[in-house]
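Hydrogens, waters and symmetry mates play no part in the numbers below; they use all other heavy atoms, side chains included. By convention in this document, chain letters (A, B, ...) are assigned in the order of the sequence lines, proteins followed by strands, and residues within each chain are numbered from 1.
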Protein chains: 2
Amino acid sequence: MNKVYAVGIGPGSPDQMTPQARRALAESDVIAGYTVYADLVRADFPDKEYITTPMRREADRCRQALASAQAGKTTAVICSGDAGIYGMAGLLWELSPEYPGVEIEVIPGVTAATAGAALLGAPLMHDFAVISLSDAMTPWDLIEKRLRAAASAEMILCLYNPESKKRPGYLKRACQILLEYLPAETVCGMARQIGREGESIQILSLAQLAQTAADMFTTVFIGNRTTRQIGGKMVTPRGYQTGKKKSKERL
Amino acid sequence: MNKVYAVGIGPGSPDQMTPQARRALAESDVIAGYTVYADLVRADFPDKEYITTPMRREADRCRQALASAQAGKTTAVICSGDAGIYGMAGLLWELSPEYPGVEIEVIPGVTAATAGAALLGAPLMHDFAVISLSDAMTPWDLIEKRLRAAASAEMILCLYNPESKKRPGYLKRACQILLEYLPAETVCGMARQIGREGESIQILSLAQLAQTAADMFTTVFIGNRTTRQIGGKMVTPRGYQTGKKKSKERL
């Protein structure tokens, strides 16, 4: 069978990789991924053939994986967190028409938004927006428009790719925009190296966040006006109509 | 130890529950949850003490779990999907000051947004908003404000709790608002009973979605102007600046 799995391996700890993802890797002859992620699974799957490509070569990596599957090798493209959130699933689908006969299956994973939120407390208990601050593939004016839209509608924000060596100061830039809508004391949180060595969290105000550096291993959370600190954690109450008996649980 | 775990068990299939979540349940003396979710784990953990409460009694359930932990029983409160997205993590933290000495640990899980996206293809490859259509705890005008904000900023939308027996027609209402901003042919998707018996997906236009009924077991995805169908799947290209070599991958 000519199959490519797009596998979300979770934030980094094998403990947070689903059995479904593990099985997909076990079934694969070839594992393709960014070098750092490949190293996260190599210990558990030492005998696989690996296709590792550096950062910013995702299209090459996906083409190699699709070609590998077309040649008859079941191939897994691994993504940290979830395969469908700023991961490789979309690119594989985009390229798939060039590789007829190759079947794609996306295996979801625990993404940084939920894993980071769990470490911080419960910041995402209300409607939220996930926005990447990377303007590599998205014009900054659109990113800024989305930041303004989310903040003005009182959505909690979860920021991926807050900044990088190539993009210093992007988090500060975003915070300065958000400070037009949100109080300086808005409760915010940062989760770094989630599920990996050196995992750390920090809870701080939006004003403090604007003065704090981040990196590509950091996920940033910005609360809304209801978010507060409880027991040193970042918590957004689940409802606006407190006291009201009804609930907004999914079921 | 007086401990409460808020455990995201994933969409429903044991295959999508992380080892971390499974271990938390194994370590627990008591498992508390909505009856339907308790039944999802009972087969694997038959010997636990169960606290099951009906829908809309989340506060009671969390209080019972916190009291159980205070009495010395390690207790897991289970949530479908992730514990921190419309789950019980926030409520446990909100109530925790009334139960001194009880430690809370949130265990993240695969949420319906990522699991549903994986089934549909790759709809969430760009910035997106997660919004619940339940107005049980949130005024409808705020939900409407968020729908307008997300659509006007070209964010992809993932809708939880689209409607229920008590809230018929809410999805149609939301679609009619979104049709003010998005073309009728906007690619949308529905994922139902994700990871459970009767799992199904549907890809349709926003105009068709406005005429389609949903329920509390359905997660709805609404694309942006770049979202399209590829190989019968719902795919949002990862970048706006196609052809540009740089990538927006998380690393």
Steps toward side-chain contact (heavy atoms from CB on, under 4.5 Å) verdict (T236(A), W93(B)): CA-CA 9 Å; T236(A) 304; W93(B) 280 112; over 6 Å; no
Residue, of A117(B), G116(B), G109(B), G8(B), that accumulates the most heavy atom pairs under 4.5 Å with chain A: G109(B)
Under 4.5 Å from a heavy atom of chain B, the part of R23(A) involved: side chain
Largest heavy-atom contact set with chain A, pairs under 4.5 Å, which of L147(B), V106(B), D215(B): V106(B)
Side chain, backbone, both or neither of M17(A) within contact of chain B (heavy atoms, under 4.5 Å): backbone
For I194(B), all residues meeting side chain to side chain contact (heavy atoms under 4.5 Å, CB included), sequence neighbours excluded: P11(B), A112(B), A115(B), L119(B), A191(B), E199(B), T219(B)
Partners passing side chain to side chain contact (heavy atoms under 4.5 Å, CB included) against P14(A) (at least two apart in sequence or in another chain): R22(A), D44(A)
Side-chain heavy-atom pair H126(A), R146(B) within 4.5 angstrom cut-off: yes
T18(B) backbone acceptor or donor facing D15(A) side chain under 3.5 Å: no
Segment of T114(A) engaging chain B (4.5 angstrom heavy-atom cut-off): both
Segment of K233(A) engaging chain B (4.5 angstrom heavy-atom cut-off): side chain
Selection from A129(A), P123(A), A21(A) maximising heavy-atom pairs under 4.5 Å formed with chain B: A129(A)
CG-OG1 distance between D127(B) and T138(A), expressed to the nearest 0.5 angstrom: 6.0 Å
Heavy-atom pairs under 4.5 Å with chain B, option from A6(A), G10(A), A149(A), G231(A) with the top count: A149(A)
Minimum heavy-atom distance S96(A)-I230(B), with the two atoms named: OG-CG2, 3.9 Å
CA sep, side-chain torsions, deciding dist, call: E94(B), R238(A), side-chain contact (heavy atoms from CB on, under 4.5 Å): CA-CA 9 Å; E94(B) 285 182 69; R238(A) 65 187 180 142; 4.1 Å; yes
Shortest non-hydrogen separation from A83(B) to M125(A) and the atoms involved: O-SD, 4.2 Å
Interchain contact, V235(B) with chain A, by part (heavy-atom threshold 4.5 Å): side chain
Largest heavy-atom contact set with chain B, pairs under 4.5 Å, which of I156(A), I143(A), I131(A): I131(A)
Heavy-atom closest contact (Q16(B) atom, P108(A) atom, distance): NE2-CG, 3.5 Å
Among the listed options L124(B), I107(B), L92(B), the residue most often paired with chain A at heavy-atom distances under 4.5 Å: L124(B)
